[in-house]
Amino acid sequence: MAAERLLEVKDLKVHFNTPDGIVRAVDGVSFTLDRGETLGIVGESGSGKSVTCLTTLRLINLDTADVSGQVLFKGRDLLKVSKEELRHVRGKELSMIFQDPFACLHPYYRVGDQIMEAIHAHDGCGKNEAKKRVIELLGSVGIPRPDQRFADYPHQFSGGMRQRAMIAMALVHNPDVLIADEPTTALDVTVQAQILDLIERLKQDFNVGVILITHDLGVIADVAQKVMVMYAGRAIELASRDDMFAQPLHPYTWGLLESIPHVDQKGTRLIPIQGSPPSLIRVPPGCPFHPRCPHRFEPCDKDVPELVDRGGHPEACHLSIEDKRRLWSEREQLRKKVAS
Ligand code: SF4
């Protein structure tokens, strides 16, 4: 049976007019998300991944941005629905977890009360019922003795526990889609792994679709079924996780992969990507990655490569598929040779 399509983003563009020029934060991004699936969106800072997701939830002010395209959530275009309908969808059917849990929890209020508030914002159910639900949720996200911890203040929680509490808050209404924006960046490495495991388990328990935003391809290696790589506001490669790691096709993705450590390739050299991501006001002509790309050739600084679907693996690069396979294989061999 085909999986239920929850979200379909089509040709999304988000441009901001500033005194210095037009910031093309998102420039024609399309993707889908099914129930029970995790989509990882990967890219450096300023690649447009967070703005893509904030716009999906219509959390940016449409009066100050030039937004086009469609965000179809179970068939409704969220860019067009009324504010009342949007309020119902946001937080209830589509929920978001942010990077810094401490900034999202008010220090003066008890953690349990803050989660109860999120229940009342949509349901208005009785106090006892809401409290029971919060304690259940705190338990399901792995907070020990949840009935006692309910009354704690945020400063009495560790960073990992605060993130667990934020995840509980995002789940109060059994949403269909959970968007997690760099949910582990502010946490220790061991806690990061626990939070990723938790999101993976909750995806199954709550049967949701998950969008996981990260700058680190390694973070999504174990949890995403599908990966979209973004650069300069554009999707430059989109593939299943297995394809993305076994046969990446875009030189930028190669750079991301070569800059993360692999436990099974101890001793291999980490290679950073040269240069910095471009300003979104002055995106380079042609391929936006060309000033940093070691494989650029004649048309790269003039012609923008279109996203071309190569057997369910779309990517935007002028190199031929044969050259991509050869170059990736040579880079892999060189990396291992240097390490040995
Ligand atoms: Fe490199 Fe050219 Fe491909 Fe861009 S289009 S990634 S510059 S080879």
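All ligand and atom numbering here is 1-based and tracks the order in the structure.
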- Which residues and atoms, counting only protein N, O or S, are under 2.8 Å from atom 1 (Fe) of ligand 1?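 You should have found C293 SG.
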- Should the pair D205-R201 be classified as a salt bridge under the 4.0 Å nitrogen-to-oxygen rule?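 R201 and D205: salt-bridged.
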- Item | Salt bridge flag under 4.0 Å for residues K74 and E93 |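 Between E93 and K74 there is a salt bridge, with a charged N closer than 4.0 Å to a carboxylate O.
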- Query: Which residues pass the side chain to side chain donor-acceptor pair (under 3.5 Å) test with Q192, sequence neighbours left out?
  - Reply: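 Result, side chain to side chain donor-acceptor pair (under 3.5 Å) vs Q192: none returned.
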- Apply side chain to side chain donor-acceptor pair (under 3.5 Å) to E330 and list each qualifying residue two or more places apart in sequence or on a separate chain.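 Side chain to side chain donor-acceptor pair (under 3.5 Å) check on E330 returns R326.
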- Residues two or more places apart in sequence or in another chain: which of them pass side chain to side chain contact (heavy atoms under 4.5 Å, CB included) with R241?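 Result, side chain to side chain contact (heavy atoms under 4.5 Å, CB included) vs R241: V227, F245.
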- Kindly check if the number of other-residue, nucleotide or ligand heavy atoms within 6.0 Å of CZ (F297) is above 12?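 Above 12, so yes.
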